Amino acid sequence: MAPQNIKTAGPAEAAEQGVPTLSVVVPMFNEEEVLPILFERLEQILESLGESYEIVCVNDGSTDRTAELLRAAHCRNNRIKVLNFSRNFGKEVALTAGLDMTSGKAVVPIDADLQDPPELIEAFLQKWREGFDVVYGVRRHRDTDTAMKRWSALKFYKVINRLSGVPIPANTGDFRLMDRRVVKAVGELREQNRFMKGLFAWVGFRHAEIPYDRPERVAGKTKFNYWRLWNFALDGITGFSTVPLRIAGYIGMLTALAAVIYGVFLILRTLIHGVDVPGYASLMVAVLLIGGLQLVVLGIIGEYLGRLYEEARKRPLYVVESSLGIALEEEVSR
Ligand code: UDP
Ligand code: MG
């Protein structure tokens, strides 16, 4: 066994408490309504497992009473650790930061709204002990989703799994157990465009699945509207595939070929039938079609160029405002 990794920006009490077996990571953005219910259920279940644990809460720039409730929770139970972001950075980044701060031998990200039933953690741990490095929950059905969301999810997984080199399991979320070495591998991927499900799949390792029914959110509202989901899907596709760029090339080639064929046809017709002036309609169609295709192709290139620009700036993924129970490299003190 390698010696315990003290360098990890882990909990301040790590030295006295030792490395916990289980770290649970909860990203949260304006979740004041669910927090009391969440802690009640989560703590009860974790206590009943009889394992040492920590709960790393990442407050993703909430503007409600989330920070206040988290402080109270930490004071009550110092295994609840808190990282406050300086603003909202999005769930994927909040999850990344949470994973960075964990020190447990196994790590489970979970949604704050209890849509990922914590009861499943016991089964996760069992599979992990059997030797699986990743154990993820697979939704049996999507009854709690709207028809539109179900349809778009189905299409999305179809498209991304066609285009991406690594298969991304359908009907899974971020809810899974990961061994420390998986967390470490994911933590080394520092790209700005963070499609976590894809990053988890990319690192590989031996995995097992556990089916479960996803309940409704216990309280509060979803933070993902369709526009945000659409952008999330674009991030997923551009982050894991360059096939759209190739498709852009094919579109160009096909239109060029069609233009050559049409050109030959026009020359032959002129040679055989002589010059005829009418042709406005065909001209307009050709101009508009090619113009439109050019814009589509430019748009696809633009998507990748924009992401390249984001990566090139090499900004840190997140900015921490304060923390409770987590030792940061540079402690901000006033
Ligand atoms: N979340 C976050 N930052 C955001 C949006 C969401 O940390 O910018 C958290 C949110 O608090 C919750 C989880 O991500 O714990 C999933 O969000 P939500 O339940 O709104 O998504 P849905 O289940 O509807 O897809
Ligand atoms: Mg939810």
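Every value quoted in this text rests on a predicted model; they were computed, and no experiment measured them. Counting starts at 1 for both ligands and their atoms, in listed order.
For an aromatic pair to be called close, the ring centres must be under 6.0 Å apart, and Phe175 with Tyr212 satisfies this.
None of Ser323, Ser322, Ser62 except one satisfies the side-chain hydrogen bond (donor to acceptor under 3.5 Å, both in side chains) rule with Asn84; the exception is Ser322.
Within the protein, the number of N, O or S atoms lying under 2.8 Å from the Mg ion (ligand 2) is 2.
The aromatic rings of Phe85 and Phe89 sit perpendicular to each other, their planes meeting at more than 60°, with 30° as the lower class boundary.
For ligand 1, the atoms lying closer than 4.0 Å to a non-hydrogen atom of Asp113 are 19 (O), 23 (O). Applying the 4.0 Å criterion to heavy atoms of Asp60 picks out, from ligand 1, the atoms 2 (C), 3 (N), 4 (C), 7 (O), 8 (O). Numbered from 1 in the order shown, with element, the atoms of ligand 1 that lie under 4.0 Å from a heavy atom of Arg214 read 23 (O). Those atoms of ligand 1 with a heavy atom of Glu31 less than 4.0 angstrom away are 10 (C), 11 (O), 12 (C), 15 (O). Listed by number with element, the atoms of ligand 1 under 4.0 Å from a non-hydrogen atom of Asn88 are 3 (N), 4 (C), 8 (O).
For atom 25 (O) of ligand 1, the choice among Met28, Lys149, Glu92 with the nearest heavy atom turns out to be Lys149.
Nearest protein neighbour of atom 20 (O) of ligand 1, counting heavy atoms only, is Lys223 N, 2.6 Å. When only non-hydrogen protein atoms are considered, atom 14 (O) of ligand 1 lies nearest to Lys91 CD, 3.2 Å. Atom 24 (O) of ligand 1 has as its closest protein heavy atom Thr222 OG1, 2.5 Å. Annotation: atom 17 (O) of ligand 1 to nearest protein heavy atom, Phe224 CE1, 3.7 Å. Protein heavy atom at the shortest distance from atom 18 (P) of ligand 1 is Arg217 NH2, 3.4 Å. Among all protein heavy atoms, the one lying closest to atom 23 (O) of ligand 1 is Gln115 OE1, 2.7 Å. Scanning the protein heavy atoms around atom 9 (C) of ligand 1, the nearest turns out to be Pro27 O, 3.7 Å.
The two residues Leu69 and Glu32 make their nearest non-hydrogen contact at CD1-O, 3.6 Å. Between Tyr157 and Pro169 the shortest heavy-atom distance is CE2-O, 3.6 Å. Among all heavy-atom pairs drawn from Val82 and Ile326, the shortest one is O-CD1, 3.8 Å. Here the closest non-hydrogen pair linking Leu42 and Pro118 is CD1-CB, 3.6 Å. Listed here is the closest heavy atom pair of Ala201 and Pro167: CB-O, 3.6 Å.
Taking distance alone, with nitrogen or oxygen atoms compared against 3.5 Å, Ala112 approaches ligand 1 more closely than that limit. In terms of N/O distances under 3.5 Å, ligand 1 is not approached by Lys221.
Taking CG of Asn161 as the start and CZ of Phe156 as the end, the distance is 8.5 Å to the nearest 0.5 Å. Atom CZ of Phe240 and atom NZ of Lys197 lie 11.5 Å apart (nearest 0.5 Å). Taking CG of Asp174 as the reference point, atom OH of Tyr136 lies at 13.0 Å (rounded to 0.5 Å). Note that CD of Glu209 and CZ of Phe132 are 10.5 Å apart. Values are rounded to the nearest 0.5 Å.
Salt-bridge check for Asp111 with Arg214: passed, with a basic side-chain N closer than 4.0 Å to an acidic carboxylate O.
Taking a 4.0 Å cut-off on heavy atoms, Arg228 registers as neighbouring ligand 1.
Between the side chains of Ser52 and Thr21, at least one donor-acceptor pair of N or O atoms lies under 3.5 Å.
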